[in-house]
Amino acid sequence: MPETISAKAAPALGKTPGTNRSRARARAARKRAVLVQSTRALVLVGVIGLWEWMSRAAVIDPFNFSMPSKIWEQLKQWALHGTAQGSLWEQIWYTLYEALLGWGIGVVAGVVLGIAFGRIAFLADVLGPYIKVLNALPRIVLAPIFLIWFGLGPASKVASAVVLVFFPVFFNAFQGAREVDRNLVANSRILGASNRQVTLQVVIPSATSWIFTSLHVSFGFALIGAIVGEYIGATKGLGLLVSSSQGTFNAAGVYAAMVILAVVALLAEGLLTFLEKRLFRWKPAQPGEDR
C-alpha cells in the first residue's frame with residue numbers, strides 16, 4: 001500500500017518555506033510602516049498641541065511666537081481672500097517657477113561640468129582651484145549683487161538659485177565620475193568603446209546614484225535662493241510674503257509662509273524619492289530602508 005501522509009503534515013499546495021518567509025517579511029514591513037507613520041503623526045500633533053497650549057498659557061509670548069490656530073487662520077485668509085500682492089496661488093507659483101528654473105539650470109550645469117572634470121584630468125587640474133574658491137564664497141551674499149544686475153524680476157532669484165544648486169550637484173557628479181569601477185572602463189576599452197561611448201554608457205550610469213543624492217538637497221537650496229532673493233527685493237512670491245509679514249510684526253504670516261514652503265519642499269522630496277526608486281529598482285535595499 002502507498003504510504004499515506006496526514007493532511008496536517010502535508011504542506012499546502014503552492015506554499016513553500018520561501019514564500020512563507022516572504023509573506024512574513026512583507027507583513028512585518030507593513031506593520032513597521034504603520035507604526036512609523038502613526039508615531040510621526042503623534043509627534044506632529046504633540047508639538048502643535050504643546051505650542052498652542054504654551055502660547056495660550058503665556059508660557060511663551062504669543063505676539064512673537066504666534067500659535068498654530070492663528071497660523072491656520074492666516075492660511076485660510078490667504079487662500080480665500082488672497083494677499084496684498086495678489087492671490088496666494090500666484091505667489092506660490094511665482095516662487096516655485098523661480099526655484100524650478102534655477103534648479104534645472106544648476107543641475108544641468110553641475111552634471112555636465114562635473115562629469116567633464118571627472119573625465120578630463122587636465123581640465124580638473126587647471127580649473128579645479130577656481131571652482132573651490134567660488135565654492136568657498138558665502139553664496140547667499142550674492143543675492144543683493146544679482147538684484148542690482150538683474151532687477152526685481154525673476155532673473156535675480158533664478159541666478160541665486162543656480163549658484164546654490166550648482167556646487168553640490170557638481171561635486172557629486174565629479175566624485176561619481178571619479179568613483180567609476182576601473183574594471184568596467186577597461187573592459188569597455190577592450191571591447192572597442194570610444195571615449196564618448198565610455199562616458200555615456202559607463203560613467204554617467206555609474207554616477208547617477210551620486211547625482212540623485214545631490215538632487216534631494218539641491219532643490220531645497222533652490223527654494224532658499226528664490227526666497228532670499230524675494231525677501232531682499234521682489235514684486236511677488238513667498239519671500240515677499242515673509243518680508244511683508246515681518247514688516248508688520250505679523251508672526252502668524254511669517255510662520256504661514258514657512259508652512260507653505262515646507263509643504264512644497266516635502267512634495268518635491270517625495271517626487272524625487274519616487275523617481276529614484278523607479279530608476280534604481282535593480283539596486284538592493286539597504287538595511288532599514290523601505291522599498
Side-chain angles (χ1 to χ4, degrees), residues 44 71-111 139-147 149-170 172 211-247 250 252-279:
L44 179 61
I71 296 170
W72 176 247
E73 290 298 324
Q74 182 69 78
L75 287 171
K76 284 200 303 183
Q77 180 184 344
W78 281 348
L80 296 176
H81 306 292
T83 70
Q85 293 77 31
S87 73
L88 176 62
W89 316 112
E90 185 181 7
Q91 312 311 311
I92 294 173
W93 168 245
Y94 199 77
T95 299
L96 194 57
Y97 164 76
E98 295 165 346
L100 284 172
L101 185 57
W103 183 70
I105 296 172
V107 166
V108 171
V111 169
R139 292 181 289 280
I140 289 296
V141 301
L142 294 176
I145 298 176
F146 292 145
L147 189 65
W149 288 354
F150 304 117
L152 294 175
S156 58
K157 289 72 179 175
V158 172
S160 298
V162 168
V163 296
L164 286 174
V165 169
F166 170 79
F167 289 98
V169 176
F170 168 83
N172 272 46
I211 294 170
F212 257 92
T213 299
S214 67
L215 297 186
H216 290 279
V217 179
S218 61
F219 185 77
F221 286 163
L223 277 176
I224 291 172
I227 291 297
V228 170
E230 291 171 352
Y231 184 85
I232 294 174
T235 57
K236 295 178 183 178
L238 294 175
L240 182 58
L241 282 183
V242 174
S243 178
S244 300
S245 298
Q246 181 190 14
N250 180 12
V254 175
Y255 287 117
M258 291 170 60
V259 169
I260 296 171
L261 286 171
V263 171
V264 171
L266 286 174
L267 290 175
E269 173 67 18
L271 180 59
L272 284 172
T273 301
F274 172 77
L275 292 176
E276 185 177 13
K277 288 182 178 180
R278 296 284 295 179
L279 187 61

With rounding to the nearest 0.5 Å, note down the distance linking [atom1] in [X] to [atom2] in [Y].
{"X": "Phe166", "Y": "Ser214", "atom1": "CZ", "atom2": "OG", "value": "11.5 Å"}
{"X": "Gln77", "Y": "Leu75", "atom1": "CD", "atom2": "CG", "value": "10.0 Å"}
{"X": "Gln91", "Y": "Leu96", "atom1": "CD", "atom2": "CG", "value": "13.0 Å"}
{"X": "Ile140", "Y": "Phe221", "atom1": "CD1", "atom2": "CZ", "value": "9.0 Å"}

Results of side-chain contact (heavy atoms from CB on, under 4.5 Å) for [X] - residues two or more places apart only:
{"X": "Ala99", "answer": "Ala222, Leu223, Ala226"}
{"X": "Ile232", "answer": "Ala143, Pro144, Leu147, Val228"}
{"X": "Tyr97", "answer": "Trp93, Leu101, Pro154"}
{"X": "Val107", "answer": "Trp103, Val111, Val165, Val169, Leu215, Ser218"}

- Between Ala159 and Phe150, which heavy-atom pair has the shortest distance, and what is it?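 Result for this residue pair: CB-CE1, 3.9 Å.
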Going by salt bridge (Lys or Arg N to Asp or Glu O under 4.0 Å), name the pairs with one or both residues in [range], residues two or more places apart or in two chains.
{"range": "residues 257-267", "value": "none"}
{"range": "residues 255-265", "value": "none"}
{"range": "residues 252-263", "value": "none"}

Residues 234-243 side chain polar contacts: donor-acceptor under 3.5 Å, at least two apart:
from   : atom 1 : to    : atom 2 : distance (Å)
Lys236 : NZ     : Glu90 : OE2    : 2.5

Show me the side-chain donor-acceptor pairs of residues 252-265 shorter than 3.5 Å, one per line, residues at least two apart or across chains.
none

- Which residues share a ring-ring contact (aromatic ring centres under 6.0 Å, His included) with Trp72, sequence neighbours left out: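 In terms of ring-ring contact (aromatic ring centres under 6.0 Å, His included), with neighbours along the sequence ignored, Trp72 is linked to no residue.
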- Message: With heavy-atom distances below 4.5 Å as the criterion, would you say the side chains of Leu271 and Leu267 are in contact?
- Response: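 Not touching, per the 4.5 Å side-chain cut-off.
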- Message: List the residues meeting side-chain hydrogen bond (donor to acceptor under 3.5 Å, both in side chains) with Thr95, not counting sequence neighbours, and say none if there are none.
- Response: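 side-chain hydrogen bond (donor to acceptor under 3.5 Å, both in side chains) list for Thr95, sorted by chain: Glu230.
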- Query: Is there a side-chain contact (heavy atoms from CB on, under 4.5 Å) between Asn172 and Ile211 once you walk through the steps?
  - Reply: CA-CA 6 Å; Asn172 272 46; Ile211 294 170; 5.7 Å; no
- Would you mind listing every side chain to side chain donor-acceptor pair (under 3.5 Å) that reaches into residues 155-165, with sequence neighbours excluded?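 Sorted pair list comes back empty.
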